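The structure appears right after this line, and notes come after that.
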Amino acid sequence: MSTPTSQPLGVAVIGHSFMGKAHSNAWRNVGAFYPEAPPARQAVLVGRDPLRTKEAAARYGWAEAATSWESVLERDDVHVVDICTPGESHHDIAVAALAAGKHVLVEKPLSNTVAESESMTRAAAEAATRGVHSMVGFNYRRVPALALARQLVEQGRIGEVRQVRASYLQDWLTDPTAPMTWRLRRESAGSGALGDLASHVIDQVQHITASTVTGVNGRLHTFVAERDGDAGREAVTVDDAAWATCVLSSGAIASIEVSRVAAGRKNGLSLEVFGSEGSLSFDLERLNELGVHEEHGEHAGLRRVLVTEESHPYLQAWWPPGHVLGWDATFTMQAADFLGAIAADRAPSPSFAEGLAVQRVLAAVEQSARHLGTCVDVPAEDPLEGGRA
């Protein structure tokens with residue numbers, strides 16, 4: 001077990017672009033908002049380009065910069081490895097870090113394939129026997145409004161869940177002249193909007209309803225087949241948009257739509273949960289609000305709940321009521337939860353096993369799409385890591 005008893009936990013973040021910046025912000029601020037969490041030290045930021053990594057490390061508050069993640073795993077002052085690289089490298093870094101006794105946080109999706117995710121989950125289960133913990137970064141579980149939605153479903157406030165409508169729509173690829181990026185190559189990204197956006201949606205659907213996807217009908221589509229890369233025109237080998245109808249283990253049905261070519265939607269994760277006694281609605285572009293509809297009782301009807309009260313999930317550490325949070329705060333809360341799990345020697349959530357469950361749904365959607373939407377069963381979750389939290 002690599003956790004020190006008195007000194008701060010040394011953190012290494014692998015990758016310094018979009019997600020590396022978001023995670024760096026979290027590690028820089030977690031101690032200020034969660035002083036009860038174990039102290040963490042920003043030990044080293046890792047990237048491929050020496051100059052850019054050094055500049056990013058200085059800007060984001062890291063003590064050092066490095067270009068070799070392998071060498072970082074040999075350091076005694078690094079206890080937590082936070083992986084923010086493209087999906088193609090998640091497996092190798094995570095498995096090596098766990099074997100080296102480092103606690104591991106991996107950005108979603110867990111990996112690019114089911115096989116890699118299974119291998120990572122087995123490695124996490126073995127590491128857990130040595131007191132080494134791991135978690136996958138589905139940061140939207142830490143949005144207070146979504147955490148409240150899960151609580152209300154658990155409490156039976158909307159009765160039996162019957163239907164879920166979920167979408168995640170962005171527009172950054174609407175322009176056909178937008179350049180090629182690693183996110184548009186299957187070898188580096190695994191899939192397109194499916195893995196990038198639907199992974200979040202599927203995790204939310206399963207988490208909030210406390211059920212699993214057992215079968216899917218899916219379709220994928222690429223609207224812009226080629227884009228300009230460094231060496232000229234290049235084929236886009238992933239989807240621009242994806243659709244799925246999902247059967248849940250509870251008997252509910254969920255419809256899912258994700259897109260990176262939805263003009264006018266910047267970061268539109270929307271979720272509606274319909275039950276026998278009411279419904280819930282959420283839009284990430286208004287992330288401090290939860291729509292709550294109840295059919296009966298003194299609070300019958302639809303109302304907007306501003307989720308900023310101290311009694312709401314995660315809000316004890318933040319601002320007075322009405323002082324809203326931003327997207328970046330979810331990563332700070334995620335870091336606090338991970339540190340707290342390490343200190344208490346308890347299994348963090350979402351676990352690698354939960355990440356694997358999402359990966360299996362993504363694979364089933366792809367398989368269904370190859371067969372023009374034929375229903376595909378999702379394999380049951382293996383108890384490799386203690387099951388669902």
Side-chain angles (χ1 to χ4, degrees), residues 1-17 19-32 34 37-86 89-107 110-111 120 123-137 139 331-332 334-348 351-352 355:
M1 183 175 178
S2 65
T3 308
T5 56
S6 57
Q7 68 187 66
L9 291 170
V11 179
V13 163
I14 317 297
H16 59 77
S17 294
M19 278 298 105
K21 180 178 182 179
H23 284 235
S24 294
N25 183 66
W27 293 115
R28 186 170 62 245
N29 291 312
V30 64
Y34 294 91
R41 173 179 174 269
Q42 290 179 258
V44 57
L45 182 66
V46 183
R48 290 175 296 182
D49 183 279
L51 180 58
R52 290 180 57 214
T53 305
K54 185 176 181 179
E55 291 174 345
R59 187 162 61 250
Y60 303 151
W62 293 93
E64 297 178 41
T67 57
S68 167
W69 62 262
E70 293 92 343
S71 66
V72 166
L73 302 188
E74 299 173 358
R75 293 175 49 159
D76 292 336
D77 66 331
V78 170
H79 312 98
V80 176
V81 172
D82 183 354
I83 302 170
C84 299
T85 56
S89 61
H90 286 187
H91 172 271
D92 291 353
I93 301 174
V95 170
L98 290 167
K102 313 300 183 184
H103 306 290
V104 175
L105 173 62
V106 180
E107 251 304 316
L110 185 58
S111 73
M120 293 168 71
E126 189 283 325
T129 66
R130 297 181 277 113
V132 177
H133 297 293
S134 54
M135 189 171 81
V136 59
N139 64 295
F331 295 95
T332 305
Q334 176 176 269
D337 279 352
F338 192 40
L339 290 171
I342 292 171
D345 195 24
R346 67 171 182 268
S351 65
F352 278 20

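The structure displayed is predicted, hence computed values, not measured ones.
- Contact check for Met120 versus Val95: side-chain heavy atoms found under the 4.5 Å cut-off.
- Put simply, the side chain of Val106 reaches to within 4.5 Å of the side chain of Phe352, judged on heavy atoms.
- Note: His16 NE2 to Trp62 CH2 = 12.5 Å, rounded to the nearest 0.5 Å.
- A donor-acceptor pair is defined here as one N or O able to donate and one able to accept, closer than 3.5 Å; no such pair exists between the side chain of His103 and the backbone of Val80.
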Review point. Checking side chain to side chain contact (heavy atoms under 4.5 Å, CB included) for the pair Phe331/Asn29: CA distance, chi angles, key distance, verdict?
Key: CA-CA 10 Å; Phe331 295 95; Asn29 291 312; over 6 Å; no
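- Note: Ile93 CD1 to Ser111 OG = 12.5 Å, rounded to the nearest 0.5 Å.
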Point to revise | Worked check of side chain to side chain contact (heavy atoms under 4.5 Å, CB included) between Asp337 and Tyr34 | key: CA-CA 10 Å; Asp337 279 352; Tyr34 294 91; over 6 Å; no
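- Nearest heavy-atom pair, Ala100 versus Leu73, reported as atom, atom and distance to 0.1 Å: CB-O, 3.9 Å.
- Residues Val78 and Lys102 approach most closely at O-NZ, 2.7 Å, considering heavy atoms.
- Here the straight-line distance linking atom CZ of Arg28 with atom OH of Tyr60 works out to 9.0 Å at 0.5 Å rounding.
- Note that NE2 of His91 and OG of Ser89 are 11.5 Å apart. Values are rounded to the nearest 0.5 Å.
- Contact between Asp77 and Arg75 at its shortest, heavy atoms only, is OD2-NH2, 2.8 Å.
- In terms of heavy atoms, Glu64 sits closest to Ala57 at O-CB, 3.8 Å.
- Screening Asn139, Asp82, Thr332 against His23 for a side-chain hydrogen bond (donor to acceptor under 3.5 Å, both in side chains) leaves a single residue, Asp82.
- Shown here is Arg59, whose CZ atom has more than 12 heavy atoms of other residues, nucleotides or ligands within 6.0 Å.
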Practice item. Before giving the answer on side chain to side chain contact (heavy atoms under 4.5 Å, CB included), spell out for His90 and Thr85 the whole-Å C-alpha distance, their side-chain angles and the decisive distance to 0.1 Å. Key: CA-CA 7 Å; His90 286 187; Thr85 56; 3.6 Å; yes
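- His79 places a side-chain N or O within 3.5 Å of a backbone atom of Gly10 that can act as its donor or acceptor partner.
- Considering only heavy atoms from C-beta on, Arg52 comes within 4.5 Å of Ser17 through its side chain.
- Between Leu45 and Ser24, some side-chain heavy-atom pair lies under the 4.5 Å cut-off.
- In terms of heavy-atom proximity, Leu9 sits nearest to Pro38 at CD1-CB, 4.3 Å.
- The minimum heavy-atom distance between Gly47 and Thr53, with the atom names listed, is CA-OG1, 3.2 Å.
- Two residues are said to be in side-chain contact when any heavy atoms from C-beta on lie closer than 4.5 Å; Trp27 and Leu339 meet this criterion.
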Check your understanding: Could you go step by step and tell me if Gln334 and Leu105 meet the side chain to side chain contact (heavy atoms under 4.5 Å, CB included) rule?
Key -> CA-CA 10 Å; Gln334 176 176 269; Leu105 173 62; 3.9 Å; yes
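- In this structure, OG1 in Thr67 is found 12.5 Å from NZ in Lys54, a value given to the nearest 0.5 Å.
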